[in-house]
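Chain identifiers are assigned alphabetically (A, B, ...) following the order of the sequence lines, protein sequences preceding nucleic acid strands; residue numbering begins at 1 within each chain.
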Amino acid sequence: MTVKVKVWDLPLRLFHWALVLAVGFAVVTGEIGGSWADWHGRFGLIVLGLLFFRLIWGFIGSNHARFASFVPTPARIAAYLQGGWEGIGHNPLGALAVLALLGLAGLQVGTGLFANDDIAFQGPLAGLVDKPVSDKLTGLHATAFYVLAALIGLHVAAIVFYVRVKKHNLVKPMLTGTKQVPRELAVPATGHSLGRFAVAAIAAGVLVWTITDGLPDRLTKALDVQASVAGPAW
Amino acid sequence: MKSKLLLTLIIGAASAAAVAGPIEDQIRFRQSAYSFVGWNCAKIKNQVIDHPETYNKDQVVAAASAIAATANSGLGGLFGAGTDKGTGWKTTRLKSEFFQQPDDAKNAGVAFITEANALAKVAETGKIDDIKAQFGKLGEACKGCHDKFRTKE
Ligand code: HEM
Ligand code: HEM
């Protein structure tokens with residue numbers, strides 16, 4: 001006897017698909033450069049905002065979205081591998097991948113904020129560190145991308161594996177929010193609300209704004225050639 | 001005491017040796033040339049894209065001509081064999097692929113010259129949208145060479 005139950009709240013689903021789009025555009029614009037470099041930075045900042053949102057939502061979102069409900073402790077993973085895990089949110093192994101994806105996306109964005117392309121583009125915080133440090137973080141930004149890309153590949157491969165081999169469609173719930181599950185497991189998503197969504201979204205927006213525009217110029221303009229230390233006009 | 005002095009002299013001589021010589025000279029001039037180009041690109045970006053209200057035609061023309069003049073100065077001459085290893089102002093980031101794929105290397109160098117000359121021309125017109133578009137193409141030429149022939153930090 002199975003019943004239909006709400007598993008992913010709407011903000012979480014919006015987060016996921018917005019993340020897919022923003023990361024996709026950031027990758028493409030990052031590879032092209034040129035006039036697209038500025039757009040790369042903008043999409044990257046959208047990713048940053050989404051990650052801030054997800055971090056907050058992991059504490060105030062609905063039960064299945066909360067980190068506490070799916071943090072993959074060794075005991076949970078062991079139980080899962082022995083077939084003893086029951087639940088409808090992220091399974092413990094999937095949760096490991098989820099946290100790794102979020103962490104690596106964070107590393108990607110975090111290094112990007114301090115990166116520069118030596119041409120005409122730099123992250124909003126590049127001026128906070130010395131040029132050699134910014135160069136090192138730029139290198140890390142490029143390297144981290146390979147790891148992130150591999151993990152995204154694994155993520156998508158795992159989902160295809162679930163759909164094809166285990167005959168378990170995980171994509172539909174991420175789109176519609178609902179899953180068909182045995183009655184005894186049917187714990188519906190609760191605890192989310194428009195108000196909580198607004199709090200998380202506004203807090204994420206304020207954090208991104210602080211990083212891009214809210215810091216004092218004297219901190220962030222160190223690399224700016226037109227800074228107040230400019231010499232005479234000839 | 002004496003040995004310390006000697007040590008200082010030896011280290012001094014060794015580090016002096018590291019920055020002299022034709023290879024190191026080429027690397028140093030190369031790094032200086034690209035830094036100078038980078039400075040001029042930053043000025044254009046600032047006036048044309050980030051703060052168009054500060055656009056000053058003469059300054060942008062000056063920056064674009066400086067880039068074009070540097071591009072046309074024969075930069076290829078600073079990529080002599082063996083300059084993929086050594087220290088100029090700092091350790092070079094030129095990849096040895098530059099010498100293994102001479103055709104691609106040439107294309108990258110020529111693309112820079114072409115786009116830089118086009119930018120200098122467009123800067124004279126004072127049409128800010130055209131300058132912006134051509135500046136983007138120049139940036140892609142820089143990135144094309146960096147992605148291929150410059151090591152990641
Ligand atoms: C998840 C978001 C992001 C992804 C997936 C991403 C990905 C990439 C990729 C693939 C490149 C090309 C690397 C290469 O040259 O091989 C790149 C370059 C770059 N990114 Fe990002 N990036 C992200 C966010 C950001 C952010 C937020 C910033 C800063 C605002 C930023 C700043 C830069 C800079 C300055 C470069 C040029 C580095 C270079 O030319 O070597 N990125 N990024
Ligand atoms: C078209 C490609 C993608 C598909 C079909 C897809 C599908 C899914 C599905 C079905 C889930 C739910 C997994 C579960 O039931 O436990 C999920 C979760 C997740 N995916 Fe993707 N995904 C894709 C691309 C990406 C990309 C590019 C990223 C970002 C780097 C990403 C990050 C995540 C994260 C962080 C979660 C956990 C959701 C949460 O609890 O916050 N996904 N994805």
- Do the charged groups of K106(B) and D103(B) touch, with an N to O distance under 4.0 Å? no

- Query: Thinking salt bridges, do D130(B) and K121(B) make one under a 4.0 Å N-O criterion?
  - Reply: no

- Message: Quick check: closest heavy atoms across A22(A) and L50(A), and the distance to 0.1 Å?
- Response: CB-CD1, 4.3 Å

- Item | Main-chain N/O of V71(A) paired with R76(A) side-chain donor or acceptor, under 3.5 Å | yes

- Query: Of all of K45(B), K152(B), H146(B), which one pairs up most often with chain A through heavy atoms under 4.5 Å apart?
  - Reply: K45(B)

- Portion of F135(B) that has a non-hydrogen atom of chain A nearer than 4.5 angstrom: side chain

- Measure L138(B) against the heavy atoms of chain A and call it side chain, backbone, both or neither at under 4.5 Å. neither

- Given that the side chain runs from C-beta out, which part of D135(A) has a heavy atom under 4.5 Å from chain B: side chain, backbone, both or neither? both

- Heavy-atom distances under 4.5 Å only: say whether L137(A) touches chain B with side chain, backbone, both or neither. neither

- What option among A142(A), G34(A), G33(A) has the most heavy-atom pairs under 4.5 Å with chain B? G34(A)

- Message: Less than 4.5 Å apart, side chain to side chain, heavy atoms only: is that true for D38(A) and R42(A)?
- Response: yes

